[in-house]
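Written out below as structure tokens is the structure these notes cover.
For ligands, and for the atoms within them, numbers begin at 1 and follow the listed sequence. When reading the values below, keep in mind they use all heavy atoms of this one structure, side chains included, and skip hydrogens, waters and symmetry mates.
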Amino acid sequence: MDDLLRLDDQLDADQRLIRDTVRSFVSDRVLPHVGDWFEEAVFPARELAPELGALGLLGMHLRGYGCAGTDAVSYGVACRELEAGDSGLRSFVSVQGSLAMFPIWRYGSDEQKEEWLPRMSAGEAIGCFGLTEPDHGSDPANMRTYAKKDGSDWILNGSKMWITNGSIADVAVVWAQTDEGIRGFVVPTSTPGFSAPEIHRKLSLRASVTSSLYFDDVRLPASAALPEVVGLKGPLSCLSEARFGIVWGVVGAARACLESAVEYARTRVQFDKPIGAFQLTQEKLAWMYVGLAQAQLTALHLGRLKDAGDLEPRQISFGKLANVRAALDIARQARSVLGGNGITLEYPVIRHMNNLESVLTYEGTQEIHTLVLGEALTGLAAYR
Ligand SMILES: Cc1cc2nc3c(=O)[nH]c(=O)nc-3n(C[C@H](O)[C@H](O)[C@H](O)COP(=O)(O)OP(=O)(O)OC[C@H]3O[C@@H](n4cnc5c(N)ncnc54)[C@H](O)[C@@H]3O)c2cc1C
């Protein structure tokens, strides 16, 4: 599809190389299979993780420990191209890099970093991030999972829900209440008392593993706690990293939907004309492109702010709210352009559309990000 506003001309040569490399990986390794993965509700993580690692995509914006150390816009471009394949693929990379590796990299001890980061950046070890609980989603401050001191050890009890990569992970970064406040723990999933059953019957993000986590008197050494952070700001800073990836990623999903709709509109003939020659179809396509280009501009602007070290959480909320909503609108419009074919996995559109329903909810729902913007505008917090 024509890059009408020449937005990718804004990328430098390295960023364009990353774009082309990830796009061709997705085209060769993901697009031929992802409809089947979605239908069968599988994600071949063990197979793909070393390939993603070899491409430098795991923890790619982190420095050291085998990570690529790219700028934020490059990380965004990679997320965009991955999510043009499937939101499940981008979720895997986001969780690994931004939610599991980032807290170890930012708040971990030298031993924790040495033990996990090189293997995670290579895709030899998989991580997950446990914050959400069955009864505490939007208000994680009230979480019930508790880590209690026993001598120098910690004893962890509680449960988490909706945890991406949970049952395939080698290590879980788990956030729990302690007597000192909320703390993060690096928990090898082989630790006795840890279990992670997969959540089945999802109709969204089917090519992504989602699990519950249970902690039944999980005994951890003192060295399992992340030493450098106490309080909710720890997990919230990880979510800011991952949400930045979403701001870019959904542009890829939306682009895939628009490309599919344009191609279909040019070739599907009704009433002796391609449906793309009807004004009503053109209006849909034109507005889809407007939404896509605006979302891309937002992503690029936030990427540049992040690279300048100047990106605020409420600006990320703006991007997450605006771009996911735009992507979902584009996916729904694309589905209507494809008519009956819009509901099958022969085309990517309904897969993206269903995936984006999860993306709308995870990492802060659209309502919570709306309240963040409401507070930014009025100075009045309306969360409770
Ligand atoms: C596929 C998938 C993968 C996920 N992966 C992870 C993961 O890897 N790790 C992790 O920790 N979590 C993960 N999550 C959890 C996700 O972050 C939560 O689902 C999300 O934060 C919402 O929590 P909840 O589902 O409990 O909904 P709730 O918080 O119960 O919200 C239900 C509804 O009430 C609204 N609501 C809540 N409070 C307010 C308010 N104050 N004002 C107005 N409306 C409000 C919400 O916006 C929403 O519409 C994942 C979720 C999904 C679906």
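In this structure, atom 34 (O) of ligand 1 is not in close contact with the protein, since no protein heavy atom lies within 4.0 Å of it. Under the 4.0 angstrom criterion, atom 20 (C) of ligand 1 counts as having a protein heavy-atom contact. Put simply, atom 50 (C) of ligand 1 has protein non-hydrogen atoms near it, under 4.0 Å away. In this structure, atom 41 (N) of ligand 1 is in close contact with the protein, since a protein heavy atom lies within 4.0 Å of it.
Here E357 does not pair with K202 in a salt bridge; the nearest charged N to carboxylate O distance is not below 4.0 Å. With respect to the salt-bridge test (charged N to carboxylate O, under 4.0 angstrom), the residues D135 and R144 do not qualify. In summary, R80 and E83 do not engage in a salt bridge, as defined by a charged side-chain N under 4.0 Å from a carboxylate O. Using a cut-off of 4.0 Å between Lys/Arg side-chain N and Asp/Glu carboxylate O, R46 and D170 are scored as salt-bridged.
Between F43 and F92, the ring centre distance stays below 6.0 Å. Ring centroid separation for the pair W154 and F185 comes in under the 6.0 Å cut-off.
Shortest contact from atom 12 (N) of ligand 1 to any protein heavy atom: T132 OG1, 2.7 Å. For atom 25 (O) of ligand 1, the closest non-hydrogen atom on the protein side is W162 NE1, 4.3 Å. Remark: minimum distance from atom 26 (O) of ligand 1 to any protein heavy atom is reached at G137 CA, 3.2 Å. Protein heavy atom nearest atom 39 (C) of ligand 1, with residue, atom name and distance: I368 CD1, 4.0 Å. Residue, atom and distance of the protein heavy atom nearest to atom 8 (O) of ligand 1 are T164 N, 3.0 Å.
Under 4.0 angstrom from ligand 1, the non-hydrogen atoms of L205 all belong to its side chain. Under 4.0 angstrom from ligand 1, the non-hydrogen atoms of S138 come from both its backbone and its side chain. Heavy atoms of E363 found under 4.0 angstrom from ligand 1 belong exclusively to the backbone. With a 4.0 Å heavy-atom cut-off, ligand 1 is reached by the side chain of T365 but not by its N, CA, C or O. Counting heavy atoms closer than 4.0 Å to ligand 1, residue Y362 contributes atoms from both its backbone and its side chain. Residue contacts with ligand 1 for T361 involve both N, CA, C or O and side-chain atoms from C-beta outward (heavy atoms, distance under 4.0 Å).
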Check step by step if salt bridge (Lys or Arg N to Asp or Glu O under 4.0 Å) holds for E133 and K160. CA-CA 4 Å; E133 300 189 349; K160 299 287 175 182; 3.0 Å; yes

Give the intermediate values and the outcome of salt bridge (Lys or Arg N to Asp or Glu O under 4.0 Å) for residues E39 and R206. CA-CA 7 Å; E39 189 163 23; R206 286 176 61 78; over 6 Å; no

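Judged as a side-chain hydrogen bond (donor to acceptor under 3.5 Å, both in side chains), the pairs with a partner in residues 262-282 (not counting sequence neighbours) are, in order, Y264-N341.
The closest donor-acceptor contact from the side chain of D3 to the backbone of D8 lies under 3.5 Å. No donor-acceptor pair closer than 3.5 Å links the side chain of D153 to the backbone N or O of R219.
Between F129 and ligand 1, a contact under 3.5 Å exists for at least one N or O pair. Taking any N or O of V95, backbone or side chain, none lies under 3.5 Å from an N or O belonging to ligand 1. Inclusion of S358 in the set of residues having an N or O under 3.5 Å from an N or O of ligand 1 is not warranted. At least one N or O atom of E367, backbone or side chain, sits closer than 3.5 Å to an N or O atom of ligand 1.
Here the closest non-hydrogen pair linking S260 and P348 is OG-CD, 3.7 Å.
For ligand 1, the atoms sitting less than 4.0 Å from at least one non-hydrogen atom of L131 are 11 (O), numbered in the order shown with element in parentheses. Listed by atom number, the atoms of ligand 1 under 4.0 Å from I163 heavy atoms are 7 (C), 8 (O), 9 (N), 10 (C), 11 (O).
Within the 4.5 Å cutoff, no side-chain heavy atoms of V349 are placed close to those of V337.
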